[in-house]
Amino acid sequence: MGNELTRLFELFIAASLINNFVFTMFLGLCIFFGVTKKMETAVGMSITFTAVMVISAALSWVVFFYVMVPLEITFLKIIIFIGIVAAFVQAADTMMRKISPELFYKLGVYLALIATNCIIIAVPLINAGEGYSFVESLVFALGSGAGFALAMVIMASIREKLDIARVPKPFKGLPIAFVTAALVALAFTGFSGLITL
Amino acid sequence: MQDTRGNWEIIKDGIFSDNTIFRLAISLCPAIAVTSKLKNGLYMGLAVLFVQTMVNFSVSLMRNYIHPRIRIPIFMLIISGWVTVTDLMMAAFARDVYRDMGLYIQLIVAFASILAHAETFASKNKPAPSVSDGIGMGIGFMIALVIISFFRELLGKGTLWGFTVVEFKPLLIMILPTGGFIAVGLLMGLFNWIDMRFYGGKGAGGLG
């Protein structure tokens with residue numbers, strides 16, 4: 001049991017820091033550069049993303065191992081995962097609107113954006129590709145979400161400062177954000193080799 | 001809302017003025033992820049070119065039969081169908097490339113630009129212009145990927161397509177993830193500068 005826990009912890013660290021979705025795997029960059037102008041939106045986005053990632057990872061795991069593997073239709077995984085995620089996001093949207101309008105007012109905007117985001121669809125695909133167990137998939141999704149949130153918060157806090165900095169005109173906006181991200185990514189390179197799975 | 005430009009015009013606009021990566025700054029994930037080698041960059045570009053063209057063609061053929069209210073799910077289905085085709089084809093015919101970037105091929109399904117072109121162009125136009133639009137966008141995307149990966153492989157390893165070109169102590173940083181961000185940032189800045197200096201543009205900030 002202790003061994004199992006250690007492995008899960010390692011998986012969490014690996015997913016959040018070493019293989020950080022944004023800085024080492026380059027997923028979700030559109031969102032990353034799009035919404036990190038303000039801290040508040042960045043935080044809201046990260047919470048929504050993590051929640052959707054964990055739940056959709058669970059759903060897709062069940063469908064993958066209990067429906068697709070027995071029927072030998074694993075080659076359809078792209079279509080099916082997209083369907084699952086989109087349906088879940090739609091359902092969450094509707095339910096949140098009814099059950100907790102307050103929460104919907106805060107996070108609903110982001111929900112609409114994420115149905116077809118690469119970071120969300122990548123989690124089930126990686127889980128299926130690596131053959132993770134159910135708990136491992138959940139931990140992996142949670143770790144990825146935490147890593148994404150960390151990246152968003154770091155970037156948002158830098159960009160709030162960057163707004164008042166004097167930047168050469170051709171570099172204003174996105175190009176300078178990219179170079180900034182490069183420097184943060186360099187820091188994240190330091191995590192590589194921390195744990196070897 | 002039919003587009004009145006000629007086919008060549010559409011292709012040209014897709015490559016230059018509406019270049020997905022440098023001008024619109026969307027679908028950037030693979031632009032950085034797979035461009036540490038020229039070969040990977042080119043294959044990724046080809047995959048996107050194929051998917052975009054076929055999606056535009058299929059959507060355009062079916063545009064009169066798709067109910068507007070459920071159009072997005074239908075587009076997603078069409079896109080993921082063609083991505084599956086590409087994914088399986090790459091797995092069969094380009095094994096070494098696929099091992100490096102299989103995940104990113106599958107993730108073409110979540111490309112904002114493919115859905116955007118299906119929605120804004122192919123669903124309103126005849127098949128021929130739609131195919132041109134797909135080809136233009138695909139080639140523009142491919143050129144951007146090739147440019148980025150050209151610089152990254154040359155500077156990071158001193159090789160091109162796996163062959164040694166120059167002998168020097170390579171800048172390892174360029175093939176690390178960091179190098180991808182730097183390369184895209186600098187190239188974007190360069191294109192903005194060219195645009196401002198020679199064409200009097202205001203500089204496309206993209207999302208930023």
Side-chain angles (χ1 to χ4, degrees), chain A residues 20-37 75-83 85-87 90 113-122 125-126 129 159 162 167-189 192, chain B residues 22 25-35 72-73 75-77 79-81 83-84 86-88 91 102-115 173 176-197 202-208:
Chain A
N20 186 288
F21 261 23
V22 175
F23 292 123
T24 40
M25 296 179 68
F26 314 107
L27 299 173
L29 287 186
C30 308
I31 295 282
F32 178 65
F33 287 113
V35 304
T36 49
K37 280 203 222 149
F75 64 92
L76 286 178
K77 59 178 186 280
I78 303 174
I79 299 179
I80 294 181
F81 288 164
I82 274 273
V85 173
Q90 194 58 52
L113 277 173
I114 64 185
T116 61
N117 194 275
C118 52
I119 203 162
I120 301 283
I121 196 75
L125 283 174
I126 294 175
R159 281 185 87 174
L162 211 56
V167 178
K169 222 172 149 212
F171 276 92
K172 255 205 159 53
L174 213 46
I176 195 70
F178 261 94
V179 178
T180 316
L183 296 177
V184 185
L186 193 60
F188 269 78
T189 320
S192 64
Chain B
F22 292 127
I26 47 176
S27 303
L28 293 159
C29 322
I32 299 181
V34 303
T35 49
I72 301 287
F75 293 162
M76 287 313 297
L77 265 183
I79 294 172
S80 46
V83 170
T84 307
T86 317
D87 181 51
L88 295 176
L103 178 67
Y104 296 99
I105 298 283
Q106 294 170 359
L107 287 178
I108 295 177
V109 75
F111 261 36
S113 57
I114 291 187
L115 186 61
I173 195 173
L176 288 177
T178 314
F181 284 111
I182 292 186
V184 174
L186 292 185
L187 283 172
M188 239 180 220
L190 178 70
F191 280 91
N192 277 351
W193 182 77
I194 292 175
D195 189 48
M196 283 158 139
R197 182 83 176 66
K202 285 194 210 84
L207 294 166

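Reminder, nothing fancy here: chain letters follow the sequence lines and each chain counts from 1.
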**Message:** Nearest 0.5 Å, please: how far is CG in A/Leu183 from CD1 in B/Ile182?
**Reply:** 6.5 Å
**A/Phe26 ring center within less than 6.0 Å of B/Tyr104 ring center** = no
**Complete:** Taken to the nearest 0.5 Å, the spacing of A/Lys169 NZ from B/Asn192 CG works out to 10.5 Å
**Request:** Specify which of A/Leu186, A/Ile119, A/Leu76, A/Val22 makes the most heavy-atom pairs with chain B at under 4.5 Å.
**Result:** A/Leu186
**Request:** Can you see which heavy atom on B/Gly185 is nearest to which on A/Phe178, and at what distance?
**Result:** CA-CB, 3.5 Å
**Fill in**
The ring pair (Phe, Tyr, Trp, His ring centres under 6.0 Å) partners of A/Phe21 (sequence neighbours excluded) come to none
**Asked** Taking atom CD1 of A/Ile126 and atom CG of B/Leu107, what is their separation to the nearest 0.5 Å?
**Response** 7.5 Å
**Fill in**
Whatever's closer than 4.5 Å to a heavy atom in chain A on B/Leu186 counts as both
**Message:** Between A/Lys77 and B/Thr84, does the side-chain contact (heavy atoms from CB on, under 4.5 Å) criterion hold? Intermediate values first, please.
**Reply:** CA-CA 8 Å; A/Lys77 59 178 186 280; B/Thr84 307; over 6 Å; no
**Message:** For a 4.5 angstrom cut-off between non-hydrogen side-chain atoms, does B/Leu190 reach A/Pro170?
**Reply:** no
**Request:** Could you tell me which portion of A/Ala177 (side chain, backbone, both or neither) has an atom closer than 4.5 angstrom to a non-hydrogen atom of chain B?
**Result:** neither
**Request:** Under 4.5 Å, counting heavy-atom pairs only, tell me which of B/Gly81, B/Gly179, B/Ser80, B/Gly180 racks up the most with chain A.
**Result:** B/Ser80
**Complete:** To the nearest 0.5 Å, atom CD1 of A/Ile78 lies from atom CG of B/Asp87 at 4.5 Å
**Prompt:** How would you list, by chain and number, every residue that makes a ring pair (Phe, Tyr, Trp, His ring centres under 6.0 Å) with A/Phe171, sequence neighbours excluded?
**Reply:** none
**Request:** Any chance you could measure B/Leu88, atom CG, to A/Phe75, atom CZ, to the nearest 0.5 Å?
**Result:** 7.5 Å
**From CE (B/Met188) to CD1 (A/Ile176), nearest 0.5 Å** = 12.5 Å
**Asked** What part of A/Thr24 lies closer than 4.5 angstrom to a heavy atom of chain B: side chain, backbone, both or neither?
**Response** both
